[in-house]
Amino acid sequence: MIDAKKIRKDFPILDQIVNDEPLVYLDNAATTQKPTAVLDTIRYYYEHDNANVHRGVHTLAERATHDYEASREKLRKFINASSTKEVLFTRGTTTGLNWVAKYAEQILKEGEEIVISIMEHHSNIIPWQQAAAKTGAVLKFVYLDENQELDMQGLKEAITDKTKFVSITHASNVLGVLNPVKEIAEIAHEHGAIMVVDGAQSTPHMKIDVQDLNCDFFTLSGHKMVGPTGIGVLYGKEKYLNDMNPIEFGGEMIDFVYEQSATWKELPWKFEAGTPNIAGAIGLGAAVDYLEELGMDEIHAYETELVNYVMPKLKEIEGLVIYGPDDISKRSGVISFNLDNLHPHDVATAMDMEGVAVRAGHHCAQPLIEYLDVPATARASFYFYNTKEDCDKLVDALIKTKEFFNGTL
């Protein structure tokens with residue numbers, strides 16, 4: 001059972017005054033705060049074990065290498081990959097998706113197809129645009145149904161025997177909708193396509209089992225799951241990673257180097273050129289420990305409870321438009337909205353004066369925002385350290401914002 005008030009003691013950043021108000025942090029879809037356990041782990045590494053990995057035989061190097069690879073094993077268990085060979089450390093989800101799109105450039109032929117959805121983050125659009133442009137492949141979009149969920153009939157029609165890659169977000173960072181990626185993977189595989197899942201918005205909030213999902217690639221970002229920035233994971237099935245060319249070249253990823261050629265190390269080190277983000281990887285391992293102790297099923301259940309609590313209160317605010325499905329069982333803790341005819345940036349600025357931190361803008365999803373026919377949205381996003389009092393403060397700040405602007409119009 002999640003006790004958010006008790007948990008908040010692990011997050012000192014949340015205990016502060018912003019604009020003369022207690023901070024209510026509701027921008028977790030952008031990045032999450034870090035518990036002292038993660039901060040202490042990173043500090044300990046730099047103070048006691050700082051050395052390069054996989055290279056030295058001295059004690060510090062061996063300790064750093066042990067902890068770095070131990071974190072890889074923690075991530076393997078966390079997403080239930082079959083082997084650490086399938087767990088590549090990256091800078092984050094963006095890097096992982098770019099690597100997969102580079103693999104697409106390696107194998108795509110002119111006229112073959114890539115299928116994505118209109119709700120994708122730019123990180124899951126632009127790399128595929130580039131792959132299509134460089135290979136002559138066709139980039140196809142799947143749109144939304146009347147509930148602002150993924151149009152599954154449209155998806156089934158879009159995926160054909162010409163489709164070679166299907167890349168879909170597990171959870172939308174704007175609509176909050178949870179997509180049935182396991183079902184989508186089955187459809188993709190029926191046509192011989194490779195299934196890619198953007199897990200940036202799902203991994204921090206629910207239990208992930210890549211083998212059960214049967215996806216071929218899966219990406220995640222550490223900073224969205226109480227870990228450090230600049231570190232993430234690309235999971236890939238071993239058969240594809242063996243076929244995939246390295247993206248970067250240099251030290252650490254090589255086996256032998258000759259004057260005119262070189263050979264690569266085995267997985268996963270084949271893809272990790274240069275000095276990696278050692279502290280980041282070790283810190284991400286500590287984040288996994290923290291989340292596992294809370295329990296991913298418990299985190300998901302608690303966030304659903306928060307959304308169930310706050311959604312009826314939000315719907316009572318006249319002039320508030322909420323995007324995404326009404327069925328809360330199909331949503332994450334992301335709630336995007338617009339208030340009256342106010343620009344979302346004005347709404348977010350006014351709410352910040354009440355101490356409530358929300359996001360405003362296109363959320364790196366401009367095609368979706370254009371599809372919704374709005375200039376932008378404001379977005380509140382919850383995590384396990386948020387409370388029902390935070391929910392109440394969000395509602396109160398929106399009402400005050402509405403009253404303030406109505407009084408000045």
Side-chain angles (χ1 to χ4, degrees), residues 2 4 7-8 11 13-14 18 23-34 92-93 119-123 148 169-179 198-206 220-227 229 287 291 294 296 299-311 313-315 320-325 328-339 344-345 347-349 351-352 354-365 368-369 372 374 376-395 397-398:
I2 298 293
I7 288 170
R8 287 171 72 90
F11 296 83
I13 193 172
L14 298 175
V18 174
L23 172 64
V24 176
Y25 183 79
L26 297 177
D27 194 17
N28 294 290
T31 197
T32 56
Q33 302 304 336
K34 323 305 175 194
T93 298
M119 68 176 75
E120 302 306 317
H121 188 282
H122 293 164
S123 297
Q148 293 190 340
T169 184
H170 199 175
S172 168
N173 72 319
V174 177
L175 300 173
V177 64
L178 299 173
N179 288 319
D198 173 357
Q201 295 292 338
S202 63
T203 311
H205 306 283
M206 63 191 67
L220 63 88
S221 292
H223 73 100
K224 295 184 189 293
M225 48 186 283
V226 303
T229 56
L291 295 175
L294 292 177
M296 296 310 299
I299 289 172
H300 182 61
Y302 178 73
E303 291 177 12
T304 301
E305 180 183 337
L306 286 181
V307 176
N308 269 306
Y309 176 81
V310 76
M311 193 69 83
K313 295 176 182 289
L314 291 172
K315 289 182 177 180
L320 189 74
V321 178
I322 299 173
Y323 302 96
I328 291 173
S329 69
K330 296 182 178 180
R331 326 184 42 121
S332 68
V334 169
I335 303 175
S336 290
F337 55 88
N338 275 315
L339 180 61
H345 289 160
V347 172
T349 300
M351 295 183 71
D352 183 52
E354 298 294 324
V356 180
V358 298
R359 191 68 171 262
H362 55 65
H363 315 294
C364 296
L368 174 59
I369 296 299
L372 295 174
V374 294
T377 72
R379 182 186 69 190
S381 47
F382 296 88
Y383 210 15
F384 57 79
Y385 44 61
N386 290 122
T387 64
K388 289 181 179 177
E389 287 80 4
D390 291 343
C391 296
D392 292 338
K393 190 63 185 292
L394 169 66
V395 173
L398 279 167

Please name all residues satisfying ring-ring contact (aromatic ring centres under 6.0 Å, His included) with Tyr25, sequence neighbours left out, ordered by chain then number.
none
With sequence neighbours excluded, what pairs up with His121 under the side-chain contact (heavy atoms from CB on, under 4.5 Å) test?
Ser123, Asn173, Asp198, Cys364
I'd like to check the side-chain contact (heavy atoms from CB on, under 4.5 Å) partners of Glu120; sequence neighbours left out, ordered by chain and number.
Ile116, Ser117, Asn124, Ile125, Ile168, Thr169
Who passes side chain to side chain donor-acceptor pair (under 3.5 Å) against Arg359, sequence neighbours left out?
none
Only counting residues at least two apart or in another chain, list the ones meeting side-chain contact (heavy atoms from CB on, under 4.5 Å) with Thr229.
His223
Those residues at least two apart in sequence (or on a different chain) that pass ring-ring contact (aromatic ring centres under 6.0 Å, His included) with Tyr302 are none
Name all residues meeting the side-chain contact (heavy atoms from CB on, under 4.5 Å) criterion together with Ile13; count only those two or more places apart in sequence or in a different chain, and write none if there are none.
Gln16, Gln33
Which residues share a side chain to side chain donor-acceptor pair (under 3.5 Å) with Asn386, sequence neighbours left out:
Asn28, Asp390
Taken in chain and number order and not counting sequence neighbours, the residues that satisfy salt bridge (charged side-chain N to carboxylate O under 4.0 Å, His left out) with Arg331 are none
By side chain to side chain donor-acceptor pair (under 3.5 Å), which residues pair with Thr203, not counting sequence neighbours?
none
Please step through ring pair (Phe, Tyr, Trp, His ring centres under 6.0 Å) for the pair His170 and His205, ending with a clear verdict.
CA-CA 11 Å; His170 199 175; His205 306 283; over 10 Å; no
List for me each residue that meets salt bridge (charged side-chain N to carboxylate O under 4.0 Å, His left out) alongside Lys388, sequence neighbours excluded, and say none if there are none.
Glu305
Which residues pass the side chain to side chain donor-acceptor pair (under 3.5 Å) test with Thr93, sequence neighbours left out?
Ser221
